[in-house]
Undergrad: 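Here it is: the structure, laid out below.
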Amino acid sequence: MAFEDLHRPLSAAGFKGAIRWIIIISGIILMLQQVLGNFIVPTFGLVPIDVWQRHWWWQPFTYIFLHGGLFHWLFNMFILWMFGRELETRWGTVDFLKYFFITGIGAALCVLFLTPHSNAPTIGSSGAVFGLLVAFAMVFPEATMYLYFVIPVKAWQAAALFAFIEFFAALAGGGAGIARFAHLGGMVTGYLYLRYGWQFSSQLFSGWFSTKRWIQKKIPTRPRSSVELHEVTDELVEKVDKILDKISKGGVDSLTPEEKKIMDRYSRLKK
């Protein structure tokens, strides 16, 4: 039963599916950062000037798996697990991953367009995680959440509160302000995708199949011409045997017009 029906706190769920692999991969990369940080962060983090001028187009994707430290990683992975597990169960792994990366890349685009000349790397899955918060609030708006594990609020109220906080924190400016706009970018991307993206996709496929059916009606398929048999062949005998079996079970009236034609031709050839 859905959260909007139960109005209860989040329940426990297994550590499985795409969420498990996102946590494992980002955890491994976090350990590699401790050893190769001077190489990994500038190369695979989101550096706007490198994306625009050096065409490092992989960065809007790879920056999602990098984090600024253990607590940054723990916080994002906890939120990913808390909200993502129910969404992956409801949507399936493929659609969940699609949404996760779309919101993460949407957050990256927000950074790229707001600070195109910046050489400061942005790292972390926070944009995608905030996108998951929006998705959870849209799918389970009446689910009960506990802010700081104490204050009960509805999911939609929590999403609105965090959007409000991120917006005004972003107005403070500075490097932290750009990170806040990345969070907002993930939230806005998630909302637009859920509100319009899936609807557009379904309309696109529906329109394609409707057009295909219309064409099939306007251009009917050419009926196959029946094969004219001029001699008694093994194929004809086999067909006749099947027809005779059918007659013995259902009578002559059970034959189709095509089967009657075959029997008639067989009789003429036998004469």
Side-chain angles (χ1 to χ4, degrees), residues 10 12-48 50-51 56-112 115 118-137 145 158-159 162 166 175-176 178-190 193-194:
L10 296 174
F15 178 62
K16 59 184 180 179
I19 292 174
R20 175 178 60 186
W21 288 108
I22 292 172
I23 294 175
I24 291 174
I25 292 172
S26 60
I28 293 173
I29 293 175
L30 178 65
M31 290 187 288
L32 290 175
Q33 285 181 241
Q34 309 308 311
V35 180
L36 305 171
N38 292 334
F39 167 75
I40 291 181
V41 173
T43 306
F44 297 101
L46 182 65
V47 183
D50 287 337
V51 174
W56 287 7
W57 302 119
W58 63 83
Q59 290 189 349
F61 172 81
T62 57
Y63 90 103
I64 297 172
F65 294 97
L66 279 64
H67 289 85
L70 179 61
F71 288 104
H72 184 205
W73 176 78
L74 286 174
F75 176 79
N76 279 344
M77 295 305 101
F78 175 71
I79 301 300
L80 167 69
W81 171 80
M82 185 168 62
F83 295 119
R85 59 201 167 99
E86 296 293 344
L87 294 173
E88 184 176 1
T89 300
R90 188 176 182 113
W91 292 343
T93 298
V94 173
D95 285 332
F96 174 80
L97 282 175
K98 185 192 302 182
Y99 178 85
F100 179 81
F101 286 117
I102 284 175
T103 52
I105 293 172
L109 292 176
C110 187
V111 174
L112 291 175
T115 59
S118 173
N119 59 0
T122 298
I123 56 177
S125 58
S126 299
V129 165
F130 274 88
L132 291 177
L133 171 61
V134 170
F136 189 89
M145 299 170 51
F162 278 110
E166 292 298 317
I178 295 302
R180 300 288 189 176
F181 275 120
H183 300 169
L184 285 172
M187 298 181 81
V188 172
T189 301
Y193 180 71
L194 292 180

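No experiment lies behind these values; they were computed from the predicted model shown.
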Undergrad: Are P121 and Q59 side-chain neighbours, meaning at least one heavy-atom pair lies under 4.5 Å?
TA: no
Undergrad: Counting distance only, does the side-chain N/O of T43 pair as donor-acceptor with the main-chain N or O of I40 below 3.5 Å?
TA: no
Undergrad: Provide the closest heavy-atom pair for T189 versus G106 in the form atom of the first, atom of the second, distance.
TA: OG1-CA, 3.5 Å
Undergrad: State whether the side chain of E88 and the backbone N or O of A18 hold a donor-acceptor pair below 3.5 Å, judged by distance alone.
TA: yes
Undergrad: Any non-hydrogen side-chain atom of I79 less than 4.5 Å from a side-chain atom of L132?
TA: no
Undergrad: Restricting to non-hydrogen atoms, name the atom on A182 and the atom on A107 that form the minimum distance, rounded to 0.1 Å.
TA: O-CB, 3.1 Å
Undergrad: Once the angle between the rings of F78 and W81 is folded into 0 to 90°, is it parallel (under 30°), tilted (30 to 60°) or perpendicular (over 60°)?
TA: tilted
Undergrad: For the CZ atom on F75, are there more than 12 heavy atoms of other groups (residues, nucleotides or ligands in this structure) within a distance under 6.0 Å?
TA: no
Undergrad: Any heavy-atom pair between the side chains of V134 and F83 that's under 4.5 Å?
TA: no
Undergrad: Using a 4.5 Å cut-off on heavy atoms from C-beta on, say whether the side chain of L87 contacts that of F100.
TA: no
Undergrad: Restricting to non-hydrogen atoms, name the atom on S126 and the atom on H183 that form the minimum distance, rounded to 0.1 Å.
TA: CB-NE2, 3.3 Å
Undergrad: Sort out for me which residue in T122, V111, L112 forms a side-chain contact (heavy atoms from CB on, under 4.5 Å) with P60.
TA: L112
Undergrad: Once the angle between the rings of F39 and F44 is folded into 0 to 90°, is it parallel (under 30°), tilted (30 to 60°) or perpendicular (over 60°)?
TA: perpendicular
Undergrad: Is any side-chain heavy atom of L66 closer than 4.5 Å to one of V41?
TA: yes
Undergrad: Might you point out which heavy atoms bring A137 and A159 nearest each other, and give the distance in Å?
TA: CB-CB, 3.6 Å
Undergrad: Starting at CD1 of I23, measure out to CG of N76 and round the result to the nearest 0.5 Å.
TA: 10.5 Å
Undergrad: State, to 0.1 Å, how close H72 and G124 come at their nearest heavy-atom pair, and which atoms those are.
TA: CE1-CA, 3.9 Å
Undergrad: Using a 4.5 Å cut-off on heavy atoms from C-beta on, say whether the side chain of L184 contacts that of F130.
TA: no
Undergrad: For a 4.5 angstrom cut-off between non-hydrogen side-chain atoms, does Y193 reach K98?
TA: yes
Undergrad: Please check this pair: side chain of W91 against backbone of L97, looking for a donor-acceptor N/O pair closer than 3.5 Å.
TA: no
Undergrad: Has the side chain of Y63 got a donor or acceptor atom that lies under 3.5 Å from a matching backbone atom of V47?
TA: no
Undergrad: Mind listing the closest non-hydrogen atom pair of Y99 and A135 along with its distance?
TA: OH-CB, 3.4 Å
Undergrad: In terms of ring plane angle, is the pair F101 and F65 parallel, tilted or perpendicular, where the classes change at 30° and 60°?
TA: tilted
Undergrad: Measure from the side-chain N and O atoms of Q33 to the backbone N and O of H67, and report whether any donor-acceptor pair falls under 3.5 Å.
TA: yes
Undergrad: Calculate, to the nearest 0.5 Å, the distance between atoms CZ and CZ belonging to F136 and R85 respectively.
TA: 7.5 Å
Undergrad: Can you tell me how far the CD1 atom of I64 sits from the OG1 atom of T103, to the nearest 0.5 Å?
TA: 7.0 Å
